[in-house]
Every structure is written in structure tokens, then in C-alpha cells.
Amino acid sequence: MFSRRTIAAFLFTVTVALGVSCGKQETATPAGPVWKPSGNEGNVTGVISFTGAVPAPSKLDMSNDSKCEGENFLDDVVVKDGKLQNVFVYVKSGLPQAAFETPTNDVTLDQKGCKYVPRVLGIQTGQPLRIVNSDTTNHNIHPVPKVNREWNESQLAGQGPIIRKFSKPEVMIPVKCNQHSWMMAHIAVLSHPFFAVSDASGAFTIKGLPPGEYEIEAWHERYGAKTAKIKVAEKTDAKADFTFDGSVAYQPGSLKAQPAMMIP
Amino acid sequence: MSEEIQALPQIKKPATFIGKYVFSRDHKIIGLQYFFLALAAALAGTLMSLLIRLRLAWPQERWPLLEMIFPNGFSDGLMKPEFYLAMVTMHGTMMVFMVLSVAPQSAFGNYFLPIQIGAREMVFPRLNMLSFWLTFASFVVLIAALFVAGGAPIGGWTFYPPLSAIASAGPGQGAGADLWLVSIGVFCLAAFLGSINFIVTTLTRRTKGMSLMRMPLTCWGWFTTACISLLAFPVLLVAGLLLFLDRNFGMSFFKPAGLVVTGQVIEGGGGSPLLWQHLFWFFGHPEVYLVIIPVMGVISHVMATFARKPVFGHRAMVTAMLAIGALGFLIWGHHMFVSGMNPRLGLAFSVLTLVIGVPSAVKTFNWLGTLWGARIRFTTPMLFAIGFVSLFVSGGVTGLVLGQMALDMVFHDTYFVTGHFHMVMGVAAVFGIFAATYYWFPKMFGRMMNETMGKLHFWLTFAGVYAIFVPFHLLGIAGHPRRYADTLWFDFLKPLEPLHIFITIAAFVTAAAQLIFAGNFLLSLRKGARAGDNPWEATTLEWTVATPPPMENFAGRLPVVHRGPYEYSTPGAAKDYSMQTESLD
Amino acid sequence: MKICELKLVIHSPLPTPHSPPPLPTLMSRLLAIAIWLTAIVTAGLFAWSKWRLPESVAAHSAMIDHQFKITLAVIGVGFLLAHAALGYVVWRYRAKDGERASPSQGNARVEFILAGCVAVVFIALAITGQRVWARLRLNQAPPGAVQIEAVAQQFVWNFRYPGPDGKFGRTDPRLYRDADNSIGARPGPLGLDPNDPLGKDDIVTPTLVAPANRPISLSLLSKDVIHDFYVPALRMKQDAVPGMKINIHFTATREGRYEIACAELCGQFHHQMRAYLDVKSPRDYEEWLKKNGKQ
Ligand code: HEM
Ligand SMILES: [Cu+2]
Ligand SMILES: [Cu+2]
């Protein structure tokens, strides 16, 4: 009799323990009918402009790791001829209720010269992210998502690629290397393929959008997000240009820290 | 008198296999269960230490075979630093909790305390069974931490927050750390319940004539340790609970305001990381004594038997044990000299730390005094007992360095500390466990262990542990911080690499030598020479009962004790030993 | 009662005749030699000059080294005496056929005297050790010490200088911006409030630049978990605890570049948390300040 009670106590403990570990597991996103292009889609193109003073490029101090080769200038704001690079543009709302096929080709995030290449990238849920270390030093890749499961993994010099996936849509996930604190990338995870990153001339193209009205958003690491409403007619391209103003840099709110305890 | 004995209620004998060997209430079976649990944990802990050693010796080597076993710990054959730290954490936890807090106290204590004081059972047999199964559950949960997403925690066995309070602070600090906390919480509960049983049994179930001072020193060790456990484990239990609340329920006992981990602001504030350290070490320092005190008891016991001599200064030995147990609660701060604790506070902790060296030194004298004028029989358990004294001295003296704040500032968190505690609590206690195993194996299993294999095991292990852990000190003097996954990054560490390679080779040889023990154990279980009831010609009550002891130990008749525990070589006696049950005439 | 005992004796079969373990002499000799050898080799390794404390450039290190030497001598003597005695009893008191051990139960007088001696030695050590500590840590930095702040984070050290005004500007955790760690960056990794005039001239660098032969007062802080400011060449170690500001001070006596490590487990790259201490001549130091403080 007592043995049954003991078994119960034991099982309870194990269940609690496993519950703790499994509670954090994610469930897969629900699927609707699979979306198929019908041939009457259009593209959205646009250019990101930049006004105001371009911040002077700061030279990062990499002296605590002699294996970080070359020089490294902060490249969060890359402006050429008044056009802004590395702006992430995507369809925020208005898409039909459907599941979009998961691409099997991978998206690469390289670590080169102790810097992420590219700095901003988009990926679909379930699509493989291939992380490469081209440096002779050790990195860790530490995305800090709010919705997806957080992970943190080292990638040593000479180690092959790491393949990871994100299971839920999330814009944006900051990615950091704790060893090289300046390293910073942003990953956008979307359930659909309608996104793009502005290139060196500030231009972007979102391909193959079905006819309809959409809200699209342009996001920049330093200057925040801007949205626009657009309409895609059958087999026609739509245009969406954005302008970011360099004089209103995004400022997070302030946190009141308690005064530090003093020890002589 | 005999009526009184007859009046004792009969304990119902369990009929089924499960009742007899699995959910048994017999203290001897429970002792064996603890013993085998500790052996399993020791195996796991040793394998982990070998993985640690592999990376330290050859940090850039690729181990594709190991990657097949630990797909998450290796990548392209390279051991990841987070896996290294997970192994360090799990090795430390395994060894400190599952091996050293279990084997000397719960395993041998459960088996022999009732017999040595002349009791038929523990006072609370069901509670005893519950303690074991809770400990077992805790072991399972700890192992489970290896297999969750992110792997086992990397915060070290001391589990300092905020690193351990924030899931994003490192791989393994998510589910793995939660499981670690659950495991340790359950373990604390089990140890606490077990200690109640030990204390009450010792105080109320001694047989006629078994005064406190006639108890063997083993019983004193188990009793003192139970008292320490009673006070220390609840503190860790509560601290662990608070940390669990911090992690999962938005509390902030250990997190100050304004923490930013990997660019993310951690909400909460008002907590103190030092609070954990105070709570942890208030448990943690007594913990090292609750490991070593039962071992000290065993060593005195074994030594008296094979020295054929009474223990030198029996009363002083008891006093020293109690003094160490009590003082052990007042010196936790010596782990925190450079933690940010007010530096003035360290003054008191430092003096008390060196003061606790005095009873430890007294014990050492008395072991030497016991051997002085002895007629030593060099059996395997005796070799391990003598080896223990050597290790205890070697590990103890470096405590005098670490107990001084200015020197601790140099050696804190270097391999000097690792060397110190491996010597004085790690392998010294393991030597005690070996001595106890070789000594009581005949009683527990009815057969003798093979002496030749035993001696070979001793020689290799004795040489091996010195070869491993003396160089640890040298690394520490050269400034090598502990919990470092390799020596590649710092110029001042690079010259130390050859020493790491030497240590790793020594560790593998020493670990391989343990196979001799395993082989001896298994072989002797089946083929060993049959042991009589008192093969060592010892005096205490466990040697008066049949081998192996029957259910209820004394076949319904409790023994009556007439003598102290260690009456060897009494002048004029016929034999050179007088059993405690022999009347004085 | 008698019956009960009698039964017990009858119940247990006579003890197996004891066969003492073979080769008692050989074992005793071997073990004694092993104990002595181990002790000598161990003591020798500790005494061997190859395993010394790292070279030091701190003004206070002579004090520490002296205390370490005294302590090593004391524990060395204790260690060797204990092992000499252990080897001796093992050598001398092996089992011999037909001989009995001495029945001595102890000697309280000897015990008290020995314990007293040990207590005196240990407490003397504690007291001398405390004097060293007191001189290091129980006093304030001398006036005129160079004020520097060290702020740790996974797995980087940041150092901040107050600039010509001698005052540190306000910082805010919400403003931390690791992405730009260049010297003039605002808010930079330490979250300098751009609106605080006191912070305008603050200098933040990943290298600790310090003038030689001038007392340095260093305040230790942490952004995330506990770290430990550890400079082997300074004989110095102190935790940097989030939520606390811990002040230490030291004087570096020789110019050069020394490694700063982290000595409190802080995450997977704990073993790579390196920065440099760059000790410059006072002239070079002033020049460095001027060059970097302009922004
Ligand atoms: C085969 C024998 C053993 C070897 C080779 C070994 C090796 C090691 C190594 C290399 C470390 C890491 C040191 C560091 O970086 O801090 C370590 C840590 C540790 N070991 Fe052992 N060890 C052995 C046996 C034991 C035993 C018997 C104990 C029991 C007390 C023990 C307890 C610990 C503890 C508590 C830690 C600290 C873990 C932490 O830092 O959280 N070890 N061991
Ligand atoms: Cu990196
Ligand atoms: Cu650190």
C-alpha cells in the first residue's frame, strides 16, 4: 500500500520535472490551404531615401581580439547618394488566409572580420538558416527573440555551418555575439515570402504579390518602422517609397535604475 | 529483560520481490540502494571529468566518435565551450551531491548505524524509504537536465545568479537550469528527512549498555552529520526555491535592477546576487563537513581494527567532530572574500577558518597516535585509511593559504582552489568510501574481496590522485583561473598546456584503475571466499551478527553492550580484541 | 540476560581463523617509502622555482608575496612533519606474529600541548594575513588617485574615464548600445546620457590605460552577471557584481601591456573574456587622454 503511495510521489516529482522542461516547447503554426500563385501577381518596388546628416562612420575597437582581421566600421546606417541600405520591407497585413510553402533553400548568415554579413536578413518560418564562421576566431550566435525560442550556441574557428530554423513569425529578432559585443544583426521571420531588404542603392523589390490591398512596413535598425498602404492590381507592379529622417534618431525610453550599493 | 525484548513487535516480512528489494523498508536494503546509486553517480561523474580533461588537454582536437554520443555537445568533432561548462557543472553536482553526500552517510550510515548501536531498524522505516526514492528521483531529474533543449546548465555547481537566474544568460540556463534546481530541491528534502531518521534512531534506539561514549566513532560521525544536514539542507532548499521563483514566476530575490543581458533589459530589481552566495555557502560550507565527517568516523573505525589498538583519544575525536560540525556553520564567508562582501566582514571569517584547522589537526594527531605503537595489518581497507590521512593533510594545509584574505585574493577561483578541495573533500572522501567498501563488503555480501586486486587498486589510485591534483595547485600558483574551457586565449596560460596534458593522462590512468575495483567488486560478489561473521577480528556489534545480517539484524534478541567500541590488545585478555558484547567478568 | 548473550555467541559461528595479509614487512616498507616520496616530490614541486606566482607590477605585491612565503613555509613544515610521522609509524609498527599492540588509549596532555601549538601558529598566520588585507582593502584610495570605472559584461570589459571635469556623467541601462564601441560613441556600450553635460568628456574604451606609479582607484560594475576583475600581474582579484559598485585601488609600477582576465564564471566564453591593462609613462598617459578626450 505504502509502495503505491511512494510510486505516486515519485511519479509526481518526475512529472513536475518533465513538465518544467517541456513547458517551453513550441507548437507548430497552424496551416490553412496551401497558397498557389495564380499567374496574375504583381511586384512591389520602391526606394528608401535618407534625409538629414549621415552619421560619421565610427571605427570599432576590436583590440581585445587580435584574430578579428581588418578594420571594422559601424555599418548600421549605410547611405549612398541619399539612399538608405539595409532597410527591411515586408507585407505586414492584408494577405489571404493561406499557408505558404516553406522554401528548402537556406539563407546564409556569415561571420567575417568579426561582423555579420548580411546585417539584416529575412527568412521564412521553417526555412533553414545557415550560419557560417569564416573567421579564425570563436563566435557565439545569440538571437534574442520575444516569440520564438531563444538559443545561444558557440561556433568555434574551424567549425562547420550551424543550421537552425525559426518556427514562428517575428519581426525583428536581434542577433548578437557576446564575445564581440559590437556584432549585431537582425533577422525577420515571416510566414510568407513577401519581404525584401534594400540594397546599396536603396532599392527593394517584393515579388509575386497577389492582387489586393496591403499594409507594408519598412524597418530600420536605427530609425524604427514606417508603414504605407498599397494596392496591387492584377499583373501590375505597385510602388512604395519611404524616407527616413536622420535627425530623429530612435530613442528608447529610460529605465530608472536603483542607485548602486557602495562598497569602500 | 528478556520479556522486554520479546515484547518488541514483529516487523512484517515483505513477501514480494518489490517489497523486499525495491520499496523496501529494511535499512540494510535501503543502504545498499543508496550505495549502488552513489556508484552509478560516481561512474557518471568520472566520465564527465574525463570529458572535461579531454578538452583541457587537447582543446582543438576533433572527436567525431564522441560527437555521435553527444550530438549537441560537439560540432564537427570540436567540443563546444558550453558543453565543457555543462560537464563541469554536472560533474561537480554529481560528485558533491549524488556521490559524497550519499555514499558515506546515507549508504553506509543506513546499513550500519542501526546494527552498530544494536537496533533492529531505523525509527521511521517508511520515511527512510521515501528519502531514498526522493534521492533517486533527484538523480533522474539531474540526468534529464542533460537532454533538454540547450543542454545542462553551465553555471557551475555553485549556481551563482544572475547567471543562473536568467535563461538568456547562456546555453543550458533555460530548461536545464530549472531541472537542476528541481533536482537539488528534491535532494535537499530527501537529505533533510533522512537526517531526522538518523538523529532519532541514534538517540532512542541504542541497546542496553550502549552509552553515547560507547558508540563507535562511525556512529558519532553519522550523528554529527545528521545534525549538520538537518540545519544545512533546508537553507539550500529555500534558496533554490527562491531562485526558482526568480526564474519562472517573475520574482526578483537575486536580481538587481537594470540588468541587461545581450542587449535585453531584464525586468525586476531590488534583489541581491550576494544573497544567494550567503545562503548557498551557509549550506555549502557545512556541506563539505557533512561529506568528510562520516568519512572521518569510518577511517577511525577501520584504523582501530587494523592497528589492533584503541583509537587514540576517543573523547577528543568525538569533541573534534562536534567542534568541526559546529564551527562549520560560522565560516561560510571564506568563500566570499572577494565577492563584494564588506571587506571588514572577512576578518572574522578568516580567523574562524584557521581556527577550524585546530580540531582537524587534532584528528590527524589522533590518527597518527592510533598508529603509534600499533601492530598494523596492511589490508586493503587499511591502506585506503592511511592514504586518506595523507590526502587529508595535503589538502588541509592549503586551506591555510586560502583562509587568509590577502592570499585568497590571489588564489580565489584558480586551480589552487580546485586542487585544495579535490584533495581534502573529493578524493579524501573517495578514499574513505573505498576503505568502507573493502571493510564492510564481507558483512554486506558475505564474501571477501580479493586482496591482490584491492592492493593494486590502492597503489594506482594513490599515485594517480597525487599526479592529478598536485599539478592543479601548480596551475593555480601560475594564475590559471578555474572553469576555463581552454588555455588558448591568454598568453599567461599558454605555457601551462603541457601540464594539462600530463594531468589528463594521469586522470585517464587513474580512471582506468577504477576498473580494477569494479572487476574486483563483481568478481568477489560471485566468487569471493566466504566470509565468517567477524573476518577482521573486530569488536563492534556489526561483527556479532550473522553474515550477511538477517532481517531485523539480531534475530529477535537485542545484544547487551559491556564495553567501549575499540578494546583491542587489552593486556591479559585471551584474544587481542574484546567484542562489545563480551561481559567484563 | 546471560542466556540471551550465550545464544548470540552460539549463534555466530566461530570467527574464521585470521590469516594476516601476506608480506606485512614488504607492505609496510613500500607504503612508508611511498608516503615519504610523495611528500618530498610534492614539497619539491611547490618549492621549485618554475612554479612561482606570475611576475608582478603592483606596488603592493611584495607584501602579498612575503605573506605567501611565510605561509608556504609553515604549511610545508606541517605537511612534511605529518608525512614523516605517517611514514614512520607505517614503517615501524607493522604486525608481527604473536605481538600485541600497545593498549594506549591516548594522552590528553600531549594532545593539549600539540593542539595549543597548532592554534597559536594558525592564529598567528591569520593575524599577519589580516594585516596585509587591511593595508590593501580597508583604506580609501589616496587623494589624487586616478579615477577609472570598469564595467563588465558578457564577455567584454569596458573602462570609463571621467575626462577633464573629473566627474562621470549619467548612464542608463536602456541606452546601452554595444553595437558602437568606438571611443567617442554616445551613448555607447555604457549608455552615456547624451543630455548630461558631465558625460560629454567621458572616455570609454575596451583597454584599461593607466599611468605608472600613480595610485589608480577603480570602481567595478557589471551590466549582466557576476564577473571578476583579475589581473595576474597585479596580484589582484575582485568580483564585479551587478547592482553594486565596488572600489579597489592599486599602483602599477612598470610600463607595459598586461592581460586582464575574468575569474568568475560568467557564461560560455568566460575563458575568453580578455582585455589589456596598458601601463604608460605619465607623459604618454596624458597624451593618450588628450588624444581621445577631444570628441
Ligand atoms: C577522476 C577524478 C577527478 C578528476 C580528473 C576531476 C577533474 C575535475 C576538473 C578538471 C574540474 C574542473 C575544474 C575547474 O575548471 O574548475 C573539476 C571540478 C570539480 N570537481 Fe572534479 N575531478 C575528479 C573527481 C572529483 C571528485 C571525487 C569530486 C568530489 C568532491 C569532485 C568534485 C568537483 C567539483 C565540486 C568541481 C567544481 C565544479 C564547478 O566548478 O562547479 N571531482 N573536477
Ligand atoms: Cu563573435
Ligand atoms: Cu566574465
Among B:A374, B:G313, B:G170, the residue with the most heavy-atom pairs under 4.5 Å to chain C is B:A374

Out of B:G387, B:S394, B:A316, which one racks up the most heavy-atom pairs below 4.5 Å with chain C? B:S394

Any heavy-atom pair between the side chains of C:P242 and B:P162 that's under 4.5 Å? yes

Flag the one option from B:F490, B:Y466, B:W459, B:F365 with the top tally of heavy-atom pairs under 4.5 Å to chain C. B:F490

Hey, what's the ring geometry for C:Y88 with B:W372, parallel, tilted or perpendicular (30° and 60° as the breaks)? tilted

Kindly determine whether B:V338 and C:E264 satisfy side chain to side chain contact (heavy atoms under 4.5 Å, CB included), including the steps that lead there. CA-CA 10 Å; B:V338 301; C:E264 182 61 62; over 6 Å; no

Within-4.5 Å side-chain heavy-atom neighbours: B:Y160 and C:V225: no

Is any side-chain heavy atom of C:V132 closer than 4.5 Å to one of B:M405? no

All pairs passing salt bridge (Lys or Arg N to Asp or Glu O under 4.0 Å) where residues 110-135 of chain C contributes a residue, at least two apart: none

Which of parallel (below 30°), tilted (30 to 60°) and perpendicular (above 60°) describes B:F337 and C:W133? tilted

For the residue pair B:Y484 and C:H271, categorise the inter-ring angle as parallel (less than 30°), tilted (30 to 60°) or perpendicular (more than 60°). perpendicular

So, do C:Y230 and B:D413 sit near enough that their side-chain heavy atoms are less than 4.5 Å apart? no

If the condition is side-chain hydrogen bond (donor to acceptor under 3.5 Å, both in side chains), which residues does C:S61 pass it with, not counting sequence neighbours? C:S56

Contact leader toward chain C among B:R308, B:K575, B:M579, where contacts are heavy-atom pairs under 4.5 Å: B:K575

